2 protein chains.
Amino acid sequence: VTTRAVDGVRQTTDARGFARWLSESRDPGLSGALEEGAPPPGTADIISMAAGLPAPELFPLEALSAAFARAFRDDGPSCLQYGSPRGLPALRVLVCQQLAARGVVATPDEVMITTGSSQALDLLGRVLLDAGDTVAVEAPTFPGALDAWRSRSPRFLTVPLDDDGLVVEALEEALRTAPEPPQFLYTLPTFQNPAGVCLSAHRRVDLLELSAKHNLLIVEDDPYFDLWYDQPSPPPIRALMDARKHVIYVGSFSKILAPGLRLGYVVADRAVMKHLLRAKAAADLHSVGIVQSALLALYTSGDFDALAHRALVRDLYRARRDAVCAALEVHVQGGATWRRPRGGFFVWLELAGGVRADSLMPRAKTAGMSFLSGRAFYPYAGGEHALRLSFSPSSPPRLISGVQRLAQAIAA
Amino acid sequence: VTTRAVDGVRQTTDARGFARWLSESRDPGLSGALEEGAPPPGTADIISMAAGLPAPELFPLEALSAAFARAFRDDGPSCLQYGSPRGLPALRVLVCQQLAARGVVATPDEVMITTGSSQALDLLGRVLLDAGDTVAVEAPTFPGALDAWRSRSPRFLTVPLDDDGLVVEALEEALRTAPEPPQFLYTLPTFQNPAGVCLSAHRRVDLLELSAKHNLLIVEDDPYFDLWYDQPSPPPIRALMDARKHVIYVGSFSKILAPGLRLGYVVADRAVMKHLLRAKAAADLHSVGIVQSALLALYTSGDFDALAHRALVRDLYRARRDAVCAALEVHVQGGATWRRPRGGFFVWLELAGGVRADSLMPRAKTAGMSFLSGRAFYPYAGGEHALRLSFSPSSPPRLISGVQRLAQAIAA
């Protein structure tokens, strides 16, 4: 009743009145790509290959539930109180231990816990970017990063990718010809979103040398590090000798545990960390205490076998990667080109014959599947003839059907 | 061992090297007031009256723990997955029901769940403020709000308070003489932080009329609504007729449940909400799903008596308010003036005889208590001879000792 009455009131008020108060530089926000990729209401059997959702059957539900119970029991009042913007000290120690296993050496005071790695990107924008600054990004790149920084109205300098990841020579050329040097390079070196490529070990060294030579700060976003399916990921750029001078590292528990926990972290030199902490305090004071405590309990209780869980995660996604790639070979040959990803969640398709992904989308939906159009992954033009398939959330049979439907749409 | 080795490395690197990458407009962040108010390490028996921490003995630990268990059981996989920036639909319905009890009529699509009400303030800054815009604030006001908006480099227009809250005539005068009209007025009408005053019902009407006349947007921050000790709080400004056209309302579960959950909300017209949702998606995608689900479970399970809990909360803080005010009467007469707050967490003291709060602070610490210096609550100069006492986190005997120690410091 209340709702109805309110709706009545609402329609009599001037909805556009509020628009006059909006900031001119208000966040332009998400490109709408995710909503476009979502199935239209009423279409039950759309196979979504649009959003990069982790597989919910992998969420360690019982272990997490037990970890929350333990966090309440052992740490209740203190983690329900206001806390530090840095995050729980013991959780930052745990992050350092997990990083050490990746070859990344960091001290707990170089780590800040964030509300998902999205927030780390947002806070880095606040701390590193002035209006109109330049940011170098891979093309294609993660739209969430572009969105996080757009409120600073940056100029994006795009650097192409090939089979071995970011083309370091192209970056060098871009640095030479750019009207002003970028404030930083944003890179997803390992199983890149959306391209699926992995920066080769050799190029990692080249990139770091280039960074030293040009005094270029690197923001390394590494959510897919643990999700390798053929051979272990190469060490992060931040793990290389002297990288701590030039690399800020962003990590996440979203892909390996559960994204709804909104737990990520950023590793930065103390000089940057000081400002990140202030930005974090101004943004949301700190991330949820009980969630931090539960994560710590999960990894330290002995009930949860983190190694076995990672293996399980890899096995499930590997089977999905294999299914989608096999189906592409069978059904989409000639209609598109792609690279077989060695990790991560995504296959990037370049459509053949000048087919535009936006034109393909309604046909794909009619056929019963969805994808993300490539243009969402470019700050300006680009990606019109490309699309991203996410294989993470669906079973192999559904992935195979999804690819068959895509092939139908391409053929139509 | 790792930590030590790393520290060795760190000292050989150029810590200041990173400074060259920092944004010029990086968030200047917290004034440092909270850290100043914290007891120095090694002083065990400092009675802290600095931070406005809720009393941890009021956290409904068992009920919350059960609510999390229930959330995992009933809603596990879905609330561990990525979610909507709006927040859980059922939680937004619950917020609307709680708001209805305050006289505030809102629909679920006018509500967004935020990572604490701090984040609501931050997102409002992103959506409403361009660099250099003016914001009208009460003087004194909540430093967290100033910090949230400082990255936009706003000009602050200050409006004085008296026993009945914000002086509406002074605001009108300020609007008339300001070089440019403020983008919005930020007000904490009910048991204001730090002044403790409550905007009278009469002035609420006057303020809303002024807002309509001057086309002034009001951001009403209302974390202390339920914390009245003498008589129920007057309805929020947002509850007044036609207020929905001019008022954005911010609420929080931090004071009534637990701040570490980081759950707040913002109520705004759909035209503003559209932009708030984009800003939220760019900031942290969404607030933690399992925490939202647990909050919902807490209020809907039947195991938690929300009314009885509110009464318990009021009784405990009322006793503390009474203790601190009685002690001030006995020990600080002549040394300062103050108003007896009728709700909230704070007593605001104006020191007599030109005593500066900053000079008093070291003496207070030596005597064994701490407070926040008044200047933290003003955007520019102001508050030098004032201080804020928080009575929320300490028992009556400790509050009495705290005030005795303060009196000692004033006398010294």
Side-chain angles (χ1 to χ4, degrees), chain A residues 2-3 6 13 15 17-19 21-27 29-30 53 56 59 61 65 68 72 76-77 79-83 100 105 107 115-116 118-119 122 126-130 147-148 151 217 245 258-262 269-272 275 278-279 281-285 288-291, chain B residues 2-3 6 13 15 17-19 21-27 29-30 53 56 59 61 65 68-69 72 76-77 79-83 100 105 107 115-116 118-119 122 126-130 147-148 151 217 245 258-262 269 271-272 275 278-279 281-285 288-291:
Chain A
T2 305
T3 305
V6 170
T13 66
F18 267 90
W21 287 305
L22 293 166
S23 148
E24 281 165 31
S25 68
R26 62 185 175 268
D27 290 37
L30 293 174
L53 303 178
F59 300 159
L61 210 58
S65 182
F68 272 84
F72 270 102
C79 67
L80 290 171
Q81 189 53 279
Y82 284 115
V105 177
T107 55
T115 308
S118 306
Q119 190 189 40
D122 179 60
R126 296 190 193 208
V127 161
L128 298 172
L129 293 180
D130 284 311
D147 290 339
S151 69
L217 179 64
K245 291 184 193 169
L261 298 175
R262 309 306 304 125
D269 180 280
R270 288 181 188 81
V272 171
H275 297 283
R278 287 182 178 169
D284 64 1
L285 290 184
V288 183
I290 194 77
V291 179
Chain B
T2 305
T3 306
V6 170
T13 66
F18 267 90
W21 287 304
L22 293 166
S23 149
E24 281 164 30
S25 67
R26 63 185 176 266
D27 291 38
L30 292 174
L53 302 179
F59 298 159
L61 210 58
S65 182
F68 272 84
F72 270 103
C79 66
L80 290 171
Q81 188 54 278
Y82 283 115
V105 178
T107 55
T115 308
S118 307
Q119 190 190 39
D122 179 59
R126 296 190 192 209
V127 161
L128 298 172
L129 293 180
D130 284 312
D147 290 339
S151 68
L217 179 65
K245 291 184 193 170
L261 297 176
R262 309 306 304 124
D269 180 279
V272 171
H275 297 283
R278 287 182 178 170
D284 64 1
L285 289 185
V288 183
I290 194 77
V291 179

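The shown structure was predicted, so the numbers you read here are calculated from the model rather than taken from an experiment. Numbers restart at 1 for each chain; the letters A, B, ... are given by sequence-line order, proteins then strands.
Interface remark: B:F59 contributes side-chain atoms only to the contact with chain A (heavy atom separation under 4.5 Å).
Ranking A:P56, A:S65, A:S118, A:G116 against chain B, the residue ahead of the rest is A:S65, based on heavy-atom pairs under 4.5 Å. Ranking B:C79, B:G289, B:A258, B:A69 against chain A, the residue ahead of the rest is B:A258, based on heavy-atom pairs under 4.5 Å.
A:R262 places a side-chain N or O within donor-acceptor distance of the main-chain N or O of B:D284, the cut-off being under 3.5 Å.
Nearest heavy-atom pair, A:I290 versus A:F68, reported as atom, atom and distance to 0.1 Å: O-CE2, 4.0 Å. Nearest approach of B:Q81 to A:L53, heavy atoms of both residues: NE2-CB, 3.7 Å.
The side chain to side chain contact (heavy atoms under 4.5 Å, CB included) search around B:L61 returns A:F72, A:P77, A:L80, not counting sequence neighbours.
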